[in-house]
Each structure stands twice: as C-alpha cells, then as structure tokens.
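Heads up: the structure comes next, in structure tokens.
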2 protein chains.
Amino acid sequence: MATIYEVAAAAGVSPATVSRVYNGVPVSAEKAELVRAAVAELRFTPNRTARSLRRKNAEVIALVIPDIENPYFTSLARGVEDVAQEAGYSVVLCNTDEDPGKEARYLEIAVAENMAGVILAEADGRADLSELIARSRPVVAVDRSTLFDLDSVILDNRAAGVAAARTLINSGYRRLACITGPAEIDTAEERAEGWRSVVSPSGSLERPDDHLRYSSFRVEGGRDAMAELLALDPAPDAVVVTNNLMGVGALQVLSEAGRVPPAFGVAVIGDLPFTTLTPNATSIVRLPARDMGTTAARMLIERINGDTEPARTVILPHEVVAAASGAPAL
Amino acid sequence: MATIYEVAAAAGVSPATVSRVYNGVPVSAEKAELVRAAVAELRFTPNRTARSLRRKNAEVIALVIPDIENPYFTSLARGVEDVAQEAGYSVVLCNTDEDPGKEARYLEIAVAENMAGVILAEADGRADLSELIARSRPVVAVDRSTLFDLDSVILDNRAAGVAAARTLINSGYRRLACITGPAEIDTAEERAEGWRSVVSPSGSLERPDDHLRYSSFRVEGGRDAMAELLALDPAPDAVVVTNNLMGVGALQVLSEAGRVPPAFGVAVIGDLPFTTLTPNATSIVRLPARDMGTTAARMLIERINGDTEPARTVILPHEVVAAASGAPAL
DNA sequence: CGGCTACCTCGTAGATGGTCGCCATGCTCT
DNA sequence: AGAGCATGGCGACCATCTACGAGGTAGCCG
C-alpha cells in the first residue's frame, strides 16, 4: 500500500497536508484537490494501525457476549453492528461462552488493542473493568448490569417475569412452575422473582420454589428442567420459561410427552426463534434485542465522542404476546 | 499502560530484552526473571497496535458473512471463533447483509488494518480480492466459492439437492417443487440443479421449472415462495427448500394452510434451527456449519503461518435425516 | 499610507510503542 | 589462544498524527 509520503510526493505537498485532508483540518481547496488526485492515482488508504498507534484509539469496538449461537444475542449483535458501521467503527465479536476466563482475556485484548470502547453482556457479574476505566475506555453494559457504575441498557426483568406469569394466570392456568437460568446470573434470578411474586400470593402452590428449576440458558437446560417438572406430584399445569432457548427445550419435551400448549401452558421470556408452530398457543414476552444493540452502540459512541454525563440506565420495554387460546376447561 | 521502556527500566535491562521475553527469543533465565517481575509489578501488557504496525500483521482475522442472524452462519462463526481464539487471534465480525458494497468496505478495512487473514462467505460472487492477494493476505472462501483461486471449504450443493429430492421421492411424494435463493448465488443455483436432476428424468412434472421459485434466503422468502407454489395447478405434493430460513417460512405457510408434513412433503437443506416440532416429519439435509468454520479457520491459520501449497478445496459431507413418516397413501 | 498584529496555511520534525538487524561483549570448548 | 556461540544493547524502522513555528496575507489603527 502506498504511504502518506508517497501521496505527498505525488501531490507535491507535505505528508502533514495529506493527513489534514483526512482529518478535517482546514486545507486550501487547491492543495486538497492535488491530494485527492494523488490518492486516487495511488489507490491510497490510510493505514489504520499506524493511525491507532498515534491516536491511541482504534476505530473498533468490542462486543462481548456470552453466547453467539443464541438468536437473542445475535439480534443484539446485529443492532450493534448496524450502528457501529454507520459511525465508521468495526465490531470485534467476543464470544465468552459464559466463561469469566475467556471474558477477562477479551477485555484485556480490548485494552491492548486500544479499542475505542466495549459493549458488554457480562458472564458472571464480576468482571474486572478497572483497567478499561482507568484508561477511560467507555464501556456500556447491555442485558446484564455490572459491579461498576456504567451506562446500561437493560430490561425490567422482574416485570417480564410478572407479565409472563400473569398471562398464564389470565388464561386460566393455576399451578405455574418456572424454569430459569443459573442462579448467579442476575437476569435469571430477577425473572424468577417476578414469577414468584405472582405465584406466591395466589397461594395456588404451597411452596412455589419446589416448582422452580435453575438450569443452563440453553436448549438442553430447558429440556432437563421440563422433564423434572413433569415428573412432579402435584404436577404443574403451566410453566414460565425465562429464556428463549430454554423455551425451545421445554416445548420439545412437552411435545414429546404429548402435552403441547394449550394442554400445558407455556410462557416464554424472549422471542422463540424461527417458530414453525403457527396457531400461537404459547405466550411470549418479546424482548427488544435489536433495539438493545442499537441503543447500546449509540450510547457507546456518544461516550467515545467525549460525552461525560453521569452514567445512564436505559430500561427498554418488553411486549407481551399472549397465547391465542387459554387453558383447557378444568 | 506501562510501556516496554518502563518495564525495561524497572528490570534494569534494555527494551529489546523485554521484547525478546515476549517473543520466545532466548534470554538468560536471570534476566527473564527480572523482566517477569517488572511486568507483574507494572501490570504491563504489550500494545498490540504498536506490535502490528512494526510486524505489519495484526493478530486479527476478519470473518465476512452475509447474514449474522442466520443460525447457519452463526454456527460457522462459532467454529471460526473457537479455533481462532485457541491460536491467539481475535475475530472481527463483518456482516454484509448480502450487500457487495458493505462487503467491499469490509475487505478494505481488513487491508487497512493489516489483518492477518480473511474468511469470506461471499455475497455476490464478484468480490475484488486483488488487493488482499497483492499483499499476500491469506483468504479462505467458505460456503461459497469465489472468482479467485483460493482455499475453499464448501459443500457438494448439487448432491445436497439430489439427496433432498430423493428422500421425498423415497417417501412416496411425486410432484416435487423447489424453493431456492437468488439465482446469482451459486449455492442456490447448484442446489436447485440437484433437485432438477432428480425431478426431470422421473417425468412426474412436465416442466419442472414451473415448480421452481427463486426467492431471498430468509424466512419471508420461504413464505412468499411457498404461498405461490400452493396456488399452482397442478399443485405440488412436496417441496425441496434449499436453505434453513426459507424452510422455516415454508413450514409456517404450510402449517397455516393446514398442510403440515407429512400431508405435504418437505425436505430442507440446512438444519432447522431450534425446532419445537418433534415427530420429525420433515426431512433435513444437515450441513456441517460449525465444522466448516473450524476447517476454514485452521486452513487460514496454516496460511498465515506461511504454508504456500497450491490452493485446496475441502468438500465437507452433508448428512441426510429422512422424515420419520412418508407420504399419505395416494 | 505604512506598520503592526492576527490569522490562516503548510512544512518540519518528533512522538507513538514495539520489533529486529547488527554488533560488541564475554564465555566456552577445542 | 582462537573460533564460535549465546546474550543483550543500540538504533533504525513501521505509518501516521500533531505541536510548533515559519511565512504570507489581510485588516486595522495611527
């Protein structure tokens, strides 16, 4: 690749002038034109590595998420990518697999590469962001909040849990179980707490937590938990599932057991990806995954551009899509 | 962040020695220990930007895919990420949305950032890779082949089309339609060609191409095409769908029309993501998405490490999962 | 109308943080 | 004692940005 020196020589100006043309520093129209011509001739593109080194700031943002195979995070990533690309940033995708070790390694790389900022959906709620903060690299938390005082884009998880449980109650189900994610993950706990708050006062279950299962946020997790719940006595007649993939697993098991909705009530928090079931018998609490991505990316870019307001928290709304049909008559 | 100079000063050695410790160049145990102590003390991490500038080689690979929301590419990305991470590379995710303009921009960035290599699932089969090749940046084509002579990891698309059609014939269906992607995309054309080769000689359809629909590789595309096919006269009794998302769309429309498999035969090329249908009435030609990612990443890393063998093409096998039940009696 | 100041443009040169080629030193082995 | 090797320091180099200052022009004031 041609360098800025070659362009300068070809245009008969100094390298500094070429640089100025690229950085919006005033240059006489005449010289700017010379530079543009030379750039076109030599097919010059500035070397981003050298630029980052000098500027101490790469035009790259890191997106750190726990599971790239979950369509929820995939939509979120899509949102981030759209906004970032628009603003001239590239996105480095960091899949942590819910592993704090991998997460820490990626955060270190973000520092070592002088990345402009980080959008983080934390694995375990204990990430050490002090290095990033010490170098004033902006970080925006998304989906899950952190120990640090950061801009965050989150959901009202408790309310989502309440909404999911309520829609089942409204459909006439009475003994609601719940399948949620690992207890260490706040979102899992909060959504379950929403379910509990609906189920407890109604008194339809004596000890609600007997009908609560913690599992992994994956299809297998939903399957395992659902199988256990079906074996209970007294058996539940409906279930709140706090994550999309678990929801798929639960529906698979129910279907194998011949108890598809509405025979068994199901409310899932998070969109069921690519459903082929059409008579919509399961209730969905839709989460604005893509919006979360675009919002987080926009906030991050504002910070990168020097915004120093105190940390903001944006809570995006969910949307309840109730099942078309209710519980079978008792 | 501390620099290599500060570490050198703290350890009482030269910066070059510190560098050597990081690069596996022999250093006396004594000095190495001094360096390690200073590194720990100052919490030093080498600046990757500076390193890339000097080395003309960033420890980053670009993964350029047309649709990050398609679970097929998501699995592929996962495979790439796993191998890359293992080898110390980060992955920059570039979502082109099947847009050659976006793709070109990303490839330019890969050059400008001195990325170590590119894994490319091309949007339109006309990408200009000459700049990358001129700088001997390795490129591996994945899923789709390119105009250039590159390492590729692909599928036998024609065979997949044949397999999908055969499984329907074996189940007793006779009038097989086909839904495929945009005609410009080779994979779409090749898979349809497989279907055509099965359908034509059997003569069950007079003009097979009347039952062929080109559409977009998305859920909507599958829906639109399926709706059209259902309206045909004579109507098909089964359909080969050449992509997972289109398969979902087709199944949705069939389900709305009350013609779920096996009432209407469906064979899909590509795994149906997160199905909740259990009695598996649709045939699937499973594609090794993740393996494609790991294979491509491994090939790329070999090239980065200086392998100069002639370009290789790896064709990964698909796997046919036939539907459990056949066509209804005629 | 002349001179001083202010401003605008542009070039020079140093800085950015590592890496690596070259060379000097000192030790070992023959 | 001489050859050869292991070790480590010096300084050039990577490609760009930017502080500083030089030079020129214009405007204002006396």
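Remember, it's a predicted structure, so these values are computed and weren't measured experimentally. Labels below follow one simple rule: chain letters A, B, ... track the order of the sequence lines, proteins then strands, and each chain is numbered from 1.
Applying the side chain to side chain contact (heavy atoms under 4.5 Å, CB included) test between Thr295(B) and each of Val153(B), Leu76(B), Val80(B) identifies Val153(B) as the sole match.
Near-neighbour residues of DNA chain C inside residues 23-51 of chain B, defined by a heavy atom below 4.0 Å, number-ordered: Asn23(B), Phe44(B), Thr45(B), Pro46(B), Asn47(B), Ala50(B), Arg51(B). Within residues 107-115 of chain A, no residue has a heavy atom under 4.0 Å from DNA chain C.
A donor-acceptor pair shorter than 3.5 Å cannot be found between the side chains of Arg144(B) and Asn157(B). For Tyr72(A) and Asp143(A), the side-chain atoms include at least one donor-acceptor pair closer than 3.5 Å. Judged purely by distance below 3.5 Å, without hydrogens or angles, the side chains of Thr74(B) and Thr74(A) pair a donor atom with an acceptor atom.
Remark: C1' of dA19(D) and CZ of Arg55(A) are 15 Å apart, rounded to the nearest angstrom. Per the geometry, CG belonging to Asn57(B) stands 16 Å off C1' belonging to dA15(D), to the nearest Å. One interatomic measurement links the two molecules: CG of Leu53(B) to P of dA15(D), which rounds to 7 Å at whole-angstrom precision. Look at NZ on Lys56(B): it is 13 Å from P on dC13(D), rounded to the nearest Å.
In this structure a side-chain-to-backbone donor-acceptor pair under 3.5 Å is missing from Gln85(B) to Tyr89(B).
Between Phe44(B) and Tyr22(B), the ring center distance clears the sub-6.0 Å criterion.
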Only distances under 3.5 Å count here; give the side-chain donor-acceptor pairs of residues 1-12 of chain B to other protein atoms, sequence neighbours excluded, each with its distance to 0.1 Å.
| unit_1 | atom_1 | unit_2 | atom_2 | d |
| --- | --- | --- | --- | --- |
| Thr3(B) | OG1 | Tyr5(B) | N | 3.1 |
| Thr3(B) | OG1 | Glu6(B) | N | 3.3 |
| Glu6(B) | OE2 | Thr3(B) | N | 3.2 |

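Nucleotides of DNA chain C lying under 4.0 Å from heavy atoms of chain A occupy a range whose first and last members, 5' to 3', are dT9(C) to dG17(C).
At a threshold of 4.0 angstrom between heavy atoms, the contacts of Val13(A) are confined to the sugar-phosphate backbone, with no base atom among them. As judged by a 4.0 angstrom heavy-atom cut-off over every strand, Tyr22(B) is placed among residues making no nucleic acid contact. Base contact: Ser19(A) has a heavy atom under 4.0 Å from a base atom.
Sequence order on DNA chain D of the closest nucleotides to Pro15(A) and Arg20(B) puts Arg20(B) first from the 5' end.
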Stepwise salt bridge (Lys or Arg N to Asp or Glu O under 4.0 Å) check, Glu108(B) with Arg105(B): CA-CA 5 Å; Glu108(B) 228 170 73; Arg105(B) 238 170 298 143; over 6 Å; no
Derivation and outcome, salt bridge (Lys or Arg N to Asp or Glu O under 4.0 Å), residues Glu131(A) and Arg43(B): CA-CA 10 Å; Glu131(A) 196 70 25; Arg43(B) 310 190 54 220; 3.2 Å; yes
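Under the 4.5 Å side-chain criterion, counting only non-hydrogen atoms from C-beta, Leu120(A) is in contact with Leu129(A).
Here the shortest heavy-atom pairing between Asp97(A) and Lys102(A) reads OD2-NZ, 4.2 Å. The minimum heavy-atom distance between Arg137(A) and Lys56(A), with the atom names listed, is NH2-O, 2.8 Å.
Taking the C1' atoms of five terminal pairs at each end of the helix from dC1(C)-dG30(D) to dT30(C)-dA1(D), the two resulting helix axes are inclined by 40°, rounded to 10°.
In this view, Asn70(A) and Asn244(A) satisfy the side-chain hydrogen bond (donor to acceptor under 3.5 Å, both in side chains) rule, not counting sequence neighbours.
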